[in-house]
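Beneath this line is the structure, given in structure tokens, with notes to follow.
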Amino acid sequence: MDKQSKKVLIDNQQLSAEVITVSDRCSRGERVDMSGPALVRLLQKKGYAVTKTCLVPDERPMIEQELREAAQHDIALVLTTGGTGFSPRDVTPEATVAVCERMAPGIAEAMRAASLRITAHACLSREVAGIVGRTLIVNLPGSPKAAMENISAVLDALPHGLATLRGTVTDG
């Protein structure tokens, strides 16, 4: 299989993606971000063009701003990693809900179901998925292992959903 055929294409354009790591400690340089780079490698391996990565603290206005900017730049897929737990500073799901026009609950349900086969702690993750404009946002846990397990549960279904969202495939 040549390099071109591995790209995720819609209307002959490679799908864009962005990875946002939400972490106070990583944003302050106190801890190395392991989840963001792992997700970038996976997305690139699956054929996405990762156009941006960033680190933001667990601050809802900053998370919302990054999500809105991604949608304004017509990024197809935005993955967030971190801020989905029970800590009072874990506000990624709330920021995502505030930005999204429509929710996609099946994505988070599928990720939790797959993760529950690995650990009972999966039920403690509050990740959500939703749509703003033509952009799909998917929250993932902050742990590299959990983030990879969760996105792997749904990644193969996302190109069809993104094609439908972007108007190149209809479900009728």
#### Entry: CG-NZ distance between Leu77 and Lys46, expressed to the nearest 0.5 angstrom
13.0 Å

### Task
For Asp58 and Gly83, work out which heavy atoms get closest and say how close.
OD1-CA, 3.8 Å

## Note on the structure
When rounded to the nearest 0.5 Å, the distance separating CG of Leu140 from CE of Met148 is 10.0 Å

### Query
Do NZ/NE/NH1/NH2 and the carboxylate oxygens of Glu149 and Arg117 come within less than 4.0 Å?
no

### Query
Are Leu67 and Leu15 joined in one hydrophobic group, where the rule is that I, L, V, M, F, W and Y side chains link up if heavy atoms are under 4.5 Å apart?
no

### Thr80/Glu66 under side chain to side chain contact (heavy atoms under 4.5 Å, CB included): CA gap, chis, key distance, verdict
CA-CA 10 Å; Thr80 69; Glu66 284 296 330; over 6 Å; no

### Query
Is Arg126 salt-bridged to Asp90, going by a charged N under 4.0 Å from an acidic O?
no

### Message
My understanding is that only residues two or more places apart in sequence, or in another chain, count here; which of them pass side chain to side chain contact (heavy atoms under 4.5 Å, CB included) with Arg25?
### Response
Ser23, Arg28, Glu30, Arg31

### Query
With a 4.5 Å heavy-atom cut-off, do Tyr48 and Leu162 have their side chains touching?
yes

### Query
Are Leu42 and Met34 grouped together when hydrophobic residues (ILVMFWY) are joined by side-chain heavy atoms under 4.5 angstrom apart?
no

### Query
Under a single-linkage definition using a 4.5 Å side-chain heavy-atom cutoff for Ile, Leu, Val, Met, Phe, Trp and Tyr, are Leu158 and Ile75 assigned to the same hydrophobic cluster?
no

### Query
Side chains of Cys54 and Glu18: closer than 4.5 Å at any heavy-atom pair?
yes

#### Entry: Thr21 side chain reached by Thr53 side chain, heavy atoms, under 4.5 Å
no

### Task
Indicate yes or no: at least one non-hydrogen side-chain atom of Cys100 is less than 4.5 angstrom from one of Ile137.
yes

### Query
Would a distance-only check, ignoring hydrogens and angles, find a side-chain to backbone donor-acceptor pair under 3.5 Å from Ser115 to Met111?
no

### Query
Can you find a side-chain donor-acceptor pair between Asn139 and Thr92 that sits under 3.5 Å?
no

### Query
Out of curiosity, does Val22 fall in the hydrophobic cluster containing Leu55 (side-chain heavy atoms, cut-off under 4.5 Å, transitive links)?
no

### Query
Does Val138 reach the side chain of Leu136, with side-chain heavy atoms less than 4.5 Å apart?
yes

### Task
Considering non-hydrogen atoms only, spot the tightest contact between Gly133 and Glu101 and give its length.
N-OE1, 2.9 Å

### Same cluster (ILVMFWY, side-chain, under 4.5 Å), Val128 and Met62
no

### Message
Walk me through whether Gln65 and Glu59 qualify under side chain to side chain contact (heavy atoms under 4.5 Å, CB included).
### Response
CA-CA 10 Å; Gln65 179 181 341; Glu59 296 289 342; over 6 Å; no

### Query
Does any N or O in the side chain of Thr168 come within less than 3.5 Å of the main-chain N or O of Ala163, such that one atom is a donor and the other an acceptor?
yes

### Summary
Looking only at heavy atoms, the pair that brings Arg112 and Ser125 closest together is NH1-O, 3.2 Å

### Query
Between Ala76 and Ser16, which heavy-atom pair has the shortest distance, and what is it?
N-OG, 3.0 Å

### Query
Hey, does Leu165 have a side-chain heavy atom less than 4.5 Å from the side chain of Arg102?
yes

## Note on the structure
For Pro144 and Ser35 the tightest heavy-atom approach is N-OG, 3.1 Å

### Gap between atom CD of Glu64 and atom CD of Glu69 - 0.5 Å precision
12.5 Å

## Note on the structure
Heavy-atom nearest pair, Pro141 first then Thr84, reads CA-OG1, 3.5 Å

### Message
Using side-chain heavy atoms (C-beta onward) and a distance below 4.5 Å, is Thr135 in contact with Val78?
### Response
yes

## Note on the structure
Distance col, row Lys145:NZ vs Asn150:CG, nearest 0.5 angstrom, shows 10.0 Å

### Query
Ignoring hydrogens and geometry, is there a side-chain-to-backbone donor-acceptor pair from Thr81 to Gly36 under 3.5 Å?
no

### Query
Is there a side-chain contact between Arg68 and Val132, using heavy atoms and a 4.5 Å cut-off?
no

### Task
State whether the number of non-hydrogen atoms from other residues, nucleotides or ligands found under 6.0 Å of Met103 atom CE is greater than 12.
yes

